[in-house]
Number of protein chains: 2
Amino acid sequence: MLGAQGRAVHQCDRGWAPVFLDQEQSLSLMSVGFLLEKPDEAVVWRGPKKNALIKQFVSDVAWGELDYLVVDTPPGTSDEHMATVEALRPHQPLGALVVTTPQAVSVGDVRRELTFCRKTGLRVMGVVENMSGFTCPHCAECTSVFSRGGGEELAQLAGVPFLGSVPLDPELMRSLEEGHDFIQEFPGSPAFAALTSIAQKILDATPACLP
Amino acid sequence: MLGAQGRAVHQCDRGWAPVFLDQEQSLSLMSVGFLLEKPDEAVVWRGPKKNALIKQFVSDVAWGELDYLVVDTPPGTSDEHMATVEALRPHQPLGALVVTTPQAVSVGDVRRELTFCRKTGLRVMGVVENMSGFTCPHCAECTSVFSRGGGEELAQLAGVPFLGSVPLDPELMRSLEEGHDFIQEFPGSPAFAALTSIAQKILDATPACLP
């Protein structure tokens, strides 16, 4: 999605050098995908091996000075999530951004993730609803493909902020598919407006620790 | 989705009795969800505990005579998948039904799952593409929300059958959301036709071991 497939991770004095997306090094990445020899190699790893790598990704990568470290986890409440929370605890993470789709079966899963955050003492920064409705590019009518409003109800129920809804957007999909810069390509799209508003709410709510 | 939330699992002479959905006992279920005290309880389990439960779900449930046992796994190639393949190996499973969405980032994940099947000696029954396009209920125009054709390309690349595409269908979503019987409610919907055709292909390809 970021056009970084096939890039390699190098060893430097201070550990693994992450993959930089631009000359200004404003966005750096680390992923198990960079460590595979072939892109369709299966990562058939049990919990302990995954946990060890997650710890290394926090401690052994030469991240340098970061404004934000974003960890994108799989769904659920298992090894990856416990290892991530443990590895980040000494760095006092700002919290978890919890993403759901609108339908009841997804909201049910995410309720269990909110319970996980409470049990592990991780603050919940807020809930985002993804895939909320689709505006037809032919007739401009909006349809709730997967039901509607589940994210907002969940946030109210859990007493955490609801940060916004991101619609299904074929323009966003196309940018991701082709590894293009969505911000440059489709600044007028509905997903762009939704994502910008959510990002602004997160920035407004996070402590002013930046220089 | 099946209207079975809140149902409980009972102990019987031959092990755990699964949850039956109908009087004829034509569909029986087992899920960790039935073992939780509260529906939003988080299952914060590491690999070994999950592996043990998966084995129990195969060996300690009084399944009785089954025509088919369907195991719905999370995405990925980790503990759950290894434990499932190991637990089912003595029963000679028919194979894996691999589901992807059309976009490249999902197809990439699923390529790794096909590698996993090859490594573990699990036959691939075929690839299904889910969320393939959305037909607007207002103007009847079809839009490829998430790109198109990724599932079919993947099947060709891997040399396995392509079984079909299931469109995004708000009627299917509504039935699942409300725990209704989609087959009764919307027999004319596009997702119904797609799912029926896929099921028929699987039945045609499986050995005639039924009485």
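Not measured: the values here are computed from a predicted model. Naming: A, B, ... by sequence-line order, numbering from 1 per chain.
- The closest side-chain heavy-atom distance from A/Cys139 to B/Cys136 is below 4.5 Å.
- Distance check, rounded to the nearest 0.5 Å: CE of A/Met131 to CE of B/Met131 gives 5.0 Å.
- Per-residue heavy-atom pair counts under 4.5 Å with chain B were compared for A/Met1, A/Gln103, A/Arg46, A/Gln5, and the maximum is reached by A/Arg46.
- With a 4.5 Å cut-off on side-chain heavy atoms, B/Arg112 and A/Glu41 do not count as touching.
- Per-residue heavy-atom pair counts under 4.5 Å with chain B were compared for A/His81, A/Glu80, A/Met173, and the maximum is reached by A/Met173.
- Counting only heavy atoms from C-beta outward, the side chains of B/Thr143 and A/His138 approach each other to under 4.5 Å.
- Across B/Gly47 and A/Asp79, no two heavy atoms sit closer than the pair N-OD2, 2.9 Å.
- More than 12 heavy atoms of other residues, nucleotides or ligands sit less than 6.0 Å from atom CG of A/Leu27.
- With a 4.5 Å cut-off on non-hydrogen atoms, B/Lys49 does not touch chain A at all.
- Residue A/Asp22 qualifies as enclosed at atom CG: its count of foreign heavy atoms under 6.0 Å is above 12.
- The part of B/Cys142 that comes within reach of chain A is its backbone (N, CA, C, O), which places non-hydrogen atoms under 4.5 angstrom from that chain.
- Residue A/Thr115 comes nearest to B/Ala42 through the heavy atom pair CG2-N, 3.8 Å, listed as atom of the first residue, atom of the second, then distance.
- Side-chain contact between A/Trp45 and B/Thr77 is absent, with no heavy-atom pair separated by less than 4.5 Å.
- Atom CZ of B/Arg148 and atom CD of A/Glu177 lie 12.5 Å apart (nearest 0.5 Å).
- In this structure the side chain of A/Phe134 never reaches within 4.5 angstrom of the side chain of B/Leu168, judged on heavy atoms.
- Side chains of B/Met82 and A/Val44 form a contact here, defined as non-hydrogen atoms less than 4.5 Å apart.
- Within the 4.5 angstrom heavy-atom criterion, only side-chain atoms of A/Lys50, from C-beta onward, approach chain B.
- A/Gln11 CD: more than 12 foreign heavy atoms inside a 6.0 Å radius.
- Counting heavy-atom pairs closer than 4.5 Å to chain B, the top residue among A/Asn51, A/Leu172, A/Asp169, A/Val145 is A/Val145.
- Of the two parts of B/Ser144, only the backbone, made up of N, CA, C and O, holds a non-hydrogen atom closer than 4.5 Å to a non-hydrogen atom of chain A.
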